[in-house]
Number of protein chains: 2
Amino acid sequence: MVSDAEQAPVFAKPVTLREVAVAAGVSVATASKALNGQGRMTAETRERIRETARLLGFRPNSLAQSLLRRRSFTVGLLTNDTYGRFSLPLMAGVSDALVDKGVSVFLCNVEDDTRLGQLHVEAMLDKRVDGIIATGKRIDRHLPVDLSNLRVPVVYAFTRPDPGAVGLVSDDAGGARLAVEHFLRLGRRRIAHVSGPPGFGVVHERADAYRAVLQENNLPIGEPLLGQWSEAWGHEAVAKLFGGMGERPDAVFCGNDQIARGVIDALRERGIRVPDDVGVIGFDNWEIVAEATRPPLTSIDMNLESLGREAGLALLSLVDGRPAAPGIRKLPCRLVVRQSCGSPPE
Amino acid sequence: MVSDAEQAPVFAKPVTLREVAVAAGVSVATASKALNGQGRMTAETRERIRETARLLGFRPNSLAQSLLRRRSFTVGLLTNDTYGRFSLPLMAGVSDALVDKGVSVFLCNVEDDTRLGQLHVEAMLDKRVDGIIATGKRIDRHLPVDLSNLRVPVVYAFTRPDPGAVGLVSDDAGGARLAVEHFLRLGRRRIAHVSGPPGFGVVHERADAYRAVLQENNLPIGEPLLGQWSEAWGHEAVAKLFGGMGERPDAVFCGNDQIARGVIDALRERGIRVPDDVGVIGFDNWEIVAEATRPPLTSIDMNLESLGREAGLALLSLVDGRPAAPGIRKLPCRLVVRQSCGSPPE
DNA sequence: CCCATCTGAGAAAACCTTTTCCCAACCCTT
DNA sequence: AAGGGTTGGGAAAAGGTTTTCTCAGATGGG
């Protein structure tokens, strides 16, 4: 027939355990046991069944297994971070941690839409997910959907957990400490802090840590400058810090990499050299920004991928019935040194 | 008991159709038919069953349904774009298009790892996904995994399709046209093109379209400058374009927004005004970059979210047995006007 | 030679839902 | 009152796998 080539592809039907059993001349029960290493039979029988299964390309139907075991080996991942700067590494971490255990991840983008969130949660519950990971773009905000009385365990990663639930977030205070202490080691003494809007919880956490470290070292504490998360605000902050008559900072710790970028650009425009005159550290370690600044930006990395990994593992242990301590667990940040701070003094 | 509060939460068992049937005093068959609007029974019976189901909070077990219908209402989404600039909007589009049809999406991050890809594909097949969407960070490269002889339909989005498969990509030539023609409408005549590495297919597609438009309008064609996708390359390119003795461009069409950013910064450093002296257009419409340039960058948007949506719908119609025309379908780009090109002449 | 034990393997139930087929009762017509 | 059609609802199979129970035959001990 000429038209054969134009036909839609025919999709082969998967081979079932029953077919394997028939081909090997045993019952399905025996076949199942042979493949799972259960039951008793001669080594010869077991091997024959296995060989038959291999030859036929048998793969057990997960749906049937899940139905029986009451365990689907799937989890749901809820996020409202469309932009993805934070949630993508996190999602990759979750997926990586789980794929090796045979667990697949449902991606649910809920935006900030309650209806969409409800829809996704119901779809997942209907599909009998073993658990749910909730993640967001802000540590201090809830997702637009209530996960408090679900019939599966929930882990919160990088978003605000419900009371009594398990939550994993980055240790922002620790990260800020890392930055300021790095400056101190390099001999910087007049350290300023430029951060985002005061409406964000992390802004205060980081600012408090900044103040604490300076106080511990009996150094002058400049009032943190709070504004936006943007480059433009970085420019503006430089004008405030370096435009006056007073003593000028020799280091600026920024609330994110975009601010830091604005700061570095503004400093260059004023003829102030980075890192020679002023050191700059950012936050987030958003490589595309950190590597494009001149000089490349030293920054704090929140280890989001490993946060995702930990969240995946935490959920799995909840699913397996091992209770996890409720409350928020903070995971350490990491300092990534590039060239915006200079070398330690001899 | 005092320790009650400390016990792990007990997760309620889902209610089954059987329980609904018993509660309503009918058989499971009748209950099923009542809830699905099938079969014949008195309106009173049907309503009573529905009410019982509602009261008990019954939700059908998708796994059981899938097993029977041979249709799982799940699809797999393969990506190797860890960075996520391209794949996240795409994923969001896919998810959005499908959630309303009750279809959930498995997220599979395969990096560039064949083993990981194999693992994910097998896991999905075992879970009886109805189809797979393959997406990548480069239009002209394959994913590191063979999807050509699967037993489910596959749609390729923003990555190179296997021969005979269905693929959706952005119309890069059309996008380039949009940019150059916008310059022409604004009265620009000496239009340069600065793009990424020659190893990328899109670089040539866009460059060819650039040349074609200029030729059609009998304008001088500068040889496109190919380099990197980075800001640094944008700087460098400005040195080449504006450092010599020859006639200088009054417009630069850039291969992506980062290059455009570098170009704009370099122009400003030379005292050349944007948009007064030179207009600049980028590609990708990566908002975080496009809005941070001074002035904000006019750019070409590839409509990735709607590309994802289309991919989702295309896969669904394949799953439903409606054959789709194989080959590559190109979706139009969109010009997003900001302030880097100026206004049309009076 | 008889009983107890062990061995290898199969039958059947279970997981939950959908769908086909079937049956009893009722209504209407002649 | 017999025959035919309709109505309301149930029984059972199917989907693919796992697990428990059962059982026939073989082996060993006394």
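Since the structure is predicted, the reported quantities are computational estimates derived from the model, not experimental observations. All values below were derived from every heavy atom in this structure, side-chain atoms included, with hydrogens, water molecules and symmetry-related copies excluded. Residue numbering restarts at 1 for every chain, and letters A, B, ... go by the order of the sequence lines.
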Engineer: Would you mind telling me which of C:dG8, C:dT17, C:dA14 lies closest to the side-chain atoms of B:T16?
Structural biologist: C:dT17
Engineer: Within the structure, does a side-chain N or O atom of A:R69 lie under 4.0 Å from either OP1 or OP2 of D:dT17?
Structural biologist: no
Engineer: Could you give the CG-to-P distance, from B:L67 to D:dA14, as a whole number of Å?
Structural biologist: 13 Å
Engineer: Is the phosphate of C:dT18, meaning OP1 or OP2, less than 4.0 Å from a side-chain N or O of B:Q65?
Structural biologist: yes
Engineer: Could you go through the side chain to side chain contact (heavy atoms under 4.5 Å, CB included) check for B:F158 and B:L304 one step at a time?
Structural biologist: CA-CA 9 Å; B:F158 206 73; B:L304 290 175; 3.8 Å; yes
Engineer: When the distance from CZ of B:R40 to P of D:dG5 is rounded to whole Å, what number comes out?
Structural biologist: 14 Å
Engineer: When the distance from CD of A:Q38 to P of C:dA9 is rounded to whole Å, what number comes out?
Structural biologist: 16 Å
Engineer: What is the distance, rounded to the nearest whole Å, between atom NZ of A:K127 and atom C1' of C:dC16?
Structural biologist: 16 Å
Engineer: Which whole-number value in Å describes the distance from A:M41 CE to D:dT18 P?
Structural biologist: 12 Å
Engineer: Does the D:dG16 base have a donor-acceptor partner in the side chain of A:R18 within less than 3.5 Å?
Structural biologist: no
Engineer: Please state whether the phosphate of C:dG8, meaning OP1 or OP2, lies under 4.0 angstrom from any side-chain nitrogen or oxygen of A:T45.
Structural biologist: no
Engineer: Using rotation axes that map the C1' atoms of four end pairs onto the next four (five pairs an end), what angle separates the end axes of the helix from C:dC1-D:dG30 to C:dT30-D:dA1, to 10°?
Structural biologist: 70°
Engineer: Using a heavy-atom cut-off of 4.0 Å across all strands, would you classify A:S66 as base, sugar-phosphate, or nothing?
Structural biologist: nothing
Engineer: Mapping B:R46 and B:A64 onto DNA chain D by nearest heavy atom, which one lands closer to the 5' end?
Structural biologist: B:R46
Engineer: Under the side chain to side chain contact (heavy atoms under 4.5 Å, CB included) rule, what do A:I133 and A:Y156 come out as? Steps first, then yes or no, please.
Structural biologist: CA-CA 6 Å; A:I133 297 178; A:Y156 295 79; over 6 Å; no
Engineer: What are the two closest non-hydrogen atoms of A:L77 and A:M124, and how far apart are they?
Structural biologist: N-SD, 4.4 Å
Engineer: To the nearest angstrom, how far is B:F73 atom CZ from C:dT18 atom P?
Structural biologist: 11 Å
Engineer: May I ask you to check whether over 12 heavy atoms, not counting those of B:N149, lie within 6.0 Å of atom CG?
Structural biologist: no
Engineer: Could you tell me whether B:R71 and B:D130 have a side-chain N and a carboxylate O separated by less than 4.0 Å?
Structural biologist: yes
Engineer: Between B:L125 and A:R59, is the side chain to side chain contact (heavy atoms under 4.5 Å, CB included) condition met? List the steps.
Structural biologist: CA-CA 9 Å; B:L125 255 26; A:R59 308 236 41 183; over 6 Å; no
Engineer: Identify the heavy atoms of B:P153 and B:V319 that sit nearest to each other, and give their distance.
Structural biologist: CG-CG2, 3.9 Å
Engineer: If every non-hydrogen atom of B:S72 is compared with every non-hydrogen atom of B:S66, which pair is closest and at what distance?
Structural biologist: CA-OG, 3.4 Å
Engineer: Starting at atom CG of B:L17, determine the distance to atom C1' of D:dA11, rounded to an integer number of angstrom.
Structural biologist: 15 Å
Engineer: Between C1' on D:dT18 and CD1 on A:I49, what's the gap in Å once rounded to a whole number?
Structural biologist: 15 Å
Engineer: Please check the phosphate of C:dC15 (OP1 and OP2 only) for any side-chain N or O of B:N61 closer than 4.0 Å.
Structural biologist: no
Engineer: Taking DNA chain D as the partner, which of residues 22-35 of chain B come within under 4.0 angstrom of it by heavy atom?
Structural biologist: B:V26, B:S27, B:A29, B:T30, B:K33
Engineer: Going by atom types only, do B:N303 and B:E305 share a side-chain donor-acceptor pair under 3.5 Å?
Structural biologist: no
Engineer: If you count the non-hydrogen atoms of other residues, nucleotides and ligands that lie under 6.0 Å from CZ in B:R18, is the total more than 12?
Structural biologist: no
